Amino acid sequence: MSNRPKPASARQGNNSTKLTIPQNTTIVPIPDPPGTLGPWGSHLWRELWTAGKAVYAETDNHIIERYCSLSERRRTLLSLVEEEGWLAVGSTGNTIQHPAARLITEIETRLGPIEDRLGLNPESRLALGLTAIAHKSRLDEFLASELGGDET
């Protein structure tokens with residue numbers, strides 16, 4: 001047996017690189033927001049589907065709905081805390097953290113992993129292999145502006 005390394009094209013198994021998410025070959029039309037979402041959650045739903053239409057599939061509906069619902073709930077609680085203050089008076093008369101502030105922290109803890117799964121931050125997009133799609137889009141925009149809209 002030879003001690004020469006195998007050529008890259010002949011190597012198999014033990015892949016050390018992460019799988020990348022391929023771009024959808026058939027773009028899924030943006031689904032209507034679920035009835036469980038309010039106005040702000042519905043807006044976020046449409047925004048996420050528009051941004052991720054090249055990556056998301058119909059099976060992503062539930063995780064996107066969960067993200068939108070939690071984000072909407074966080075937004076509502078934030079406005080409550082901003083209005084009433086981050087501190088409240090407890091049952092014994094001591095100053096305590098507003099109960100809604102604790103809920104905000106719990107929601108934010110749950111949002112982080114969902115953001116990673118959906119590729120909503122630069123690090124997760126890189127890990128999911130979505131940067132090539134973004135770079136191509138920027139390149140297309142540049143070419144369109146430089147060539148006066150003609151992308152030949």
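If you read the sequence from its start, that first residue is 1, and numbering goes on from there. Worth saying up front: this structure is predicted, and the values here are computed from it rather than measured.
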Completion exercise
Nearest heavy-atom approach of T109 to P113 is O-CD, 3.2 Å
Practice task
May I ask you to test the R74-L103 pair for a side-chain heavy-atom distance under 4.5 Å?
Solution key: no
Exercise for the section: Give the C-alpha distance, both sets of side-chain angles, the deciding distance and a yes or no for side chain to side chain contact (heavy atoms under 4.5 Å, CB included) between W49 and L44. Expected result: CA-CA 9 Å; W49 273 102; L44 183 58; over 6 Å; no
Exercise for the section: Would you check if E72 and P39 make a side-chain contact, meaning some heavy-atom pair closer than 4.5 Å? Expected result: yes
Handout entry: Distance, nearest 0.5 Å, that separates CZ of R46 from CG of L48
Key = 11.5 Å
Completion exercise
d(D60 CG, R117 CZ) to nearest 0.5 Å is 12.0 Å
Handout entry: Side-chain donor or acceptor of W45 paired with backbone N/O of P31 under 3.5 Å
Key = yes
Practice task
Could you state whether L37 and L78 fall into the same hydrophobic cluster, counting links through intermediate Ile, Leu, Val, Met, Phe, Trp or Tyr residues with side-chain heavy atoms under 4.5 angstrom apart?
Solution key: yes
Handout entry: Contact check, side chains of V89 and N94, non-hydrogen atoms, under 4.5 Å
Key = no
Completion exercise
Distance col, row S71:OG vs R110:CZ, nearest 0.5 angstrom, shows 11.0 Å
Fill in the blank from the handout: Rounded to the nearest 0.5 Å, the CG atom of D116 sits from the CG atom of L111 at a distance of 11.0 Å
Exercise for the section: Measure the spacing between OG of S79 and CD of E84 and express it to the nearest 0.5 Å. Expected result: 9.5 Å
Handout entry: R102: partners by side-chain contact (heavy atoms from CB on, under 4.5 Å), with sequence neighbours left out
Key = I96, Q97
Handout entry: Contact summary for A101 and V81, nearest pair of heavy atoms
Key = N-CG2, 3.9 Å
Problem - I114: side-chain contact (heavy atoms from CB on, under 4.5 Å) partners, not counting sequence neighbours - result: I63, R66, Y67, L70, L118
Handout entry: Within one Ile-Leu-Val-Met-Phe-Trp-Tyr cluster: I104 and L87, side-chain cutoff 4.5 Å
Key = no
Exercise for the section: Output the distance between atom CD (E47) and atom CD1 (I64), rounded to the nearest 0.5 Å. Expected result: 12.0 Å
